[in-house]
Protein chains: 2
Amino acid sequence: MTKARKAVLEVLGTAERPLSASEISSLVSHCCDPVTIYRTLHYLEDKGLADSFVLHCTEHGTERYFTLLAPGEASYAHHHWFHCEHCHQFIDLGDCRIGTLVDAYQEELGIRVTGHTLYLTGVCPACSSLGRNGQEHDHRGHESQSE
Amino acid sequence: MTKARKAVLEVLGTAERPLSASEISSLVSHCCDPVTIYRTLHYLEDKGLADSFVLHCTEHGTERYFTLLAPGEASYAHHHWFHCEHCHQFIDLGDCRIGTLVDAYQEELGIRVTGHTLYLTGVCPACSSLGRNGQEHDHRGHESQSE
DNA sequence: AATTTTTTGCAAATCACTTGCATTTTCGAT
DNA sequence: ATCGAAAATGCAAGTGATTTGCAAAAAATT
């Protein structure tokens, strides 16, 4: 196990939220080059040790976010996330709850599903209670749909 | 209504699958610049007329895909999609079926959900029946719907 | 420890997408 | 229909995330 991989596993394992390559990169900048972070993340995803999704947020732009995925360990199972459009923080939605739905699709359509991406966006409780209801600098939202 | 917007609405309305900016761009290249396509897509999404999600596929890389969304018209409601990792085509999963789940999350966590992204990936029936269950290096697979 | 294999760092490239700005188009009011 | 303000477009150049080539460095093998 290389130093870089150890470091990335460390930060991913400690963080309780998805991290982007750039966040990881700055968290372990003392140890390795950004390019290595990208390569390491590919490696981890390839080995089934990490999970990722692409999300666009007005503050950080479009980036891929990663979480650890340790087979067997409940705390590292495949989760889904909510992303607050205001404070740009993630809220853990817990273990995946669409297994049944995915199975239904497989049966109905004869497809074989090997992966899925699901995340929600909106306003978190903290931002809501601060009166940030999303009507302010909200560029594209009004319905409970999309993206 | 400008020529560019008319053209983009036309191709999006005709396509029965999500289209990326670059696909749209080449479909209407006779009419306008790629930059205009991007601006038009932002415009449509802003107006709630289009829906999008970012998907990475080995053949086309990471791109944002768009579909029309016409309020009222059933055929243009918010859908979800399956993407075949092999032939790289989309299969329509029909109207969104996670409304209840989203409501549950809202109640449980006190979040206000204004948008979500969901798509599935795997192997489509056609590719499966051709014995392609993994990731080979072939595109231009079988023929099915549009193109 | 010597050899082979894999990983890393750096520089430069790619790719999707965005921005600045001057030039059209569109559109509402005349 | 026409004029002028406001919005949209094209082109060139810029961003920012991610990738790639290649030689040096670190791991894994023997």
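Computed from a predicted model, the values in this text were never measured in an experiment. Quick note on labels: first sequence line is chain A, next is B, and so on, each numbered from 1.
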**Request:** Using a strict 4.0 Å threshold on nitrogen-to-oxygen distance, state whether B:Glu108 and A:Arg97 make a salt bridge.
**Result:** yes

**Request:** Anything under 30° is parallel, anything over 60° is perpendicular, the rest tilted; go ahead and classify B:His78 against B:His116.
**Result:** perpendicular

**Fill in**
Residue pair B:His56/B:Pro34 against DNA chain D: nearer the 5' end by closest nucleotide is B:Pro34

**Message:** Looking at B:His42, I'd like to know whether one of its side-chain N or O atoms comes within less than 4.0 Å of OP1 or OP2 on C:dT18.
**Reply:** yes

**Asked** Taking the side chain of B:Val35 as its heavy atoms from C-beta onward, which of C:dC17, C:dT19, D:dT19 lies nearest to it?
**Response** C:dT19

**Request:** Take the protein atom NZ of A:Lys3 and the nucleotide atom C1' of C:dT8, then report the distance between them rounded to whole Å.
**Result:** 10 Å

**Request:** Examine C:dC15: is either OP1 or OP2 under 4.0 Å from a nitrogen or oxygen in the side chain of B:His60? Give yes or no.
**Result:** no

**Spacing between B:Tyr43 atom OH and C:dC17 atom P, to the nearest angstrom** = 21 Å

**Message:** Tell me if the aromatic rings of A:His60 and A:His83 count as close, with their centers under 6.0 Å from one another.
**Reply:** no

**Request:** Grab the CG-P distance between A:Leu44 and C:dT7 for me, whole Å please.
**Result:** 11 Å

**Prompt:** What nucleotide, of D:dT18, C:dT7, D:dT9, holds the atom closest to the side chain of B:Ala4?
**Reply:** D:dT9

**Least distance between heavy atoms, A:Ala77 atom then A:Leu69 atom** = C-CD1, 3.7 Å

**Prompt:** Quick one: is C:dT7 close enough that its OP1 or OP2 comes under 4.0 Å of any side-chain N or O from A:Arg39?
**Reply:** no

**Message:** Between C1' on D:dA17 and CD on A:Glu63, what's the gap in Å once rounded to a whole number?
**Reply:** 7 Å

**Request:** Find which nucleotide of DNA chain C each of A:Thr2 and B:Tyr38 is nearest to by heavy atoms, and output the residue with the more 5' nucleotide.
**Result:** A:Thr2

**Message:** Applying a 4.0 Å non-hydrogen cut-off, can you work out what B:Thr62 is touching in the nucleic acid: base, sugar-phosphate, or nothing?
**Reply:** sugar-phosphate

**Request:** Determine the contact category for A:Arg64: base if any of its heavy atoms lies under 4.0 Å from a base atom, sugar-phosphate if only primed atoms, P, OP1 or OP2 are that close, otherwise nothing.
**Result:** sugar-phosphate

